[in-house]
Amino acid sequence: MHDKETLHTVLTQQQIASRVAALGKEIEAWRKGEPLVAICVLKGAFIFFADLVRHLKRPLTLDFMRAESYGDDNISCGEVRIRLQPSCPLKGQRVLLVEDIVDTGLSMKVLHDAIMLQEPKELAVCTLLSKHERRAVDVQVDFSGFEIADGFLVGYGLDHAERFRELPEIMELRFHDPAAAE
Ligand code: IMP
Ligand code: MG
């Protein structure tokens, strides 16, 4: 951590845990006891996914996907490629795609379209965080944990250049320009 950066709590462990439990109930109501394939979008969703799936019932299959965005590490530049495809066949399945954050929506659109090519019976999208105001493309979000207005968030799986994923709460990372200080 450089001294021109500071961390500020946005969501506590308790706030996250109770919202994740509520999302689990919403998802259970939607699936109506049918078999479900839950797909974690690596890397950012790994902690959220681990907590969420422990609120879901069987029959449940877990899988993983990864998208990579080119350009700036923190902002999607529009070129998003799939780096890891789910290994389970998805045709005719009820699928839940689990993301950490939907920002411009560009990553989610690519992931969503890649899954739809496999012709699932139904696909729902669950994201822990959503920055709705920053959307550049229209994307489907069925279950959303928290609406975030602004700021760059880290912790609970989210990173800045691979740092801070291990933080148990969600924090805003602020960058301070030392030249601007009095
Ligand atoms: P999108 O393609 O612009 O919707 O961005 C989605 C991806 O950008 C997320 O999966 C994150 O990896 C990253 N991202 C966007 N906003 C944040 C943030 O506030 N903190 C950490 N990562 C972010
Ligand atoms: Mg991500």
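The figures that follow rest on heavy atoms only: side chains count, while hydrogens, waters and symmetry mates do not. Along the sequence shown, residues carry numbers from 1.
L117 and V110 fall into different hydrophobic clusters, where Ile, Leu, Val, Met, Phe, Trp and Tyr residues are linked whenever their side-chain heavy atoms come under 4.5 Å apart, directly or through other members.
Partners of F143 according to the ring pair (Phe, Tyr, Trp, His ring centres under 6.0 Å) rule, which considers only residues two or more places apart in sequence or in another chain, are W30. Residues passing the ring pair (Phe, Tyr, Trp, His ring centres under 6.0 Å) test with Y156: none are found, sequence neighbours excluded.
Taking each heavy atom of D159 and A161 in turn, the nearest pair found is OD2-N, 3.4 Å. Residues Q118 and L90 approach most closely at OE1-N, 3.2 Å, considering heavy atoms. Across all non-hydrogen atoms, the minimal contact from K131 to G151 is NZ-O, 3.0 Å. Between M65 and L97, the closest heavy-atom pair is SD-CD1, 4.2 Å. Here the closest heavy-atom approach between residue K57 and residue R31 is recorded as O-NH1, 2.7 Å. Here the shortest heavy-atom pairing between K121 and G92 reads CB-O, 3.3 Å.
Distance alone, capped at 3.5 Å, is enough to place a donor-acceptor pair between the R19 side chain and the S144 backbone. For Q140 (side chain) and L123 (main-chain N/O), a donor-acceptor pair under 3.5 Å exists by modelled atom type. At least one donor-acceptor pair under 3.5 Å links the side chain of D63 to the backbone N or O of C88. Without hydrogens or angle criteria, T9 side chain to L11 main chain gives no donor-acceptor distance under 3.5 Å.
Taken from CG in L56 to CZ in F49, the straight-line distance is 8.5 Å, to the nearest 0.5 Å. Atom OG of residue S130 and atom CG of residue D103 lie 9.0 Å apart, to the nearest 0.5 angstrom. Atom CG of L173 is separated from atom CG of L153 by 9.5 Å, given to the nearest 0.5 angstrom. Interatomic distance, Q13 CD to D51 CG, rounded to the nearest 0.5 Å: 10.0 Å. One distance of note links OG of S87 with CD1 of I39; it measures 9.0 Å at 0.5 Å rounding. From E28, atom CD reaches atom NE2 of H55 across 11.0 Å, with rounding to the nearest 0.5 Å.
Within 6.0 Å of CD in E147 there are more than 12 heavy atoms belonging to other residues, nucleotides or ligands.
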Dump the intermediate steps for side-chain contact (heavy atoms from CB on, under 4.5 Å) on L7 and L167, then the final yes or no. CA-CA 11 Å; L7 289 167; L167 295 176; 4.2 Å; yes
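For the side-chain hydrogen bond (donor to acceptor under 3.5 Å, both in side chains) test with T6, the passing option among R174, E172, H176 is H176; the others fail. Screening V80, V41, V139 for a side chain to side chain contact (heavy atoms under 4.5 Å, CB included) involving L111 leaves a single residue, V41. Considering I27, V95, T61 in turn, I27 is the only one that fulfils the side chain to side chain contact (heavy atoms under 4.5 Å, CB included) rule with L36. The side chain to side chain contact (heavy atoms under 4.5 Å, CB included) test with I170 is passed by exactly one of V154, L128, I148: L128.
Between the side chains of R135 and H132, not a single donor N or O lies within less than 3.5 Å of an accepting N or O.
Taking a cutoff of 4.0 Å between a charged side-chain nitrogen and a carboxylate oxygen, E68 and R81 do not qualify as a salt bridge.
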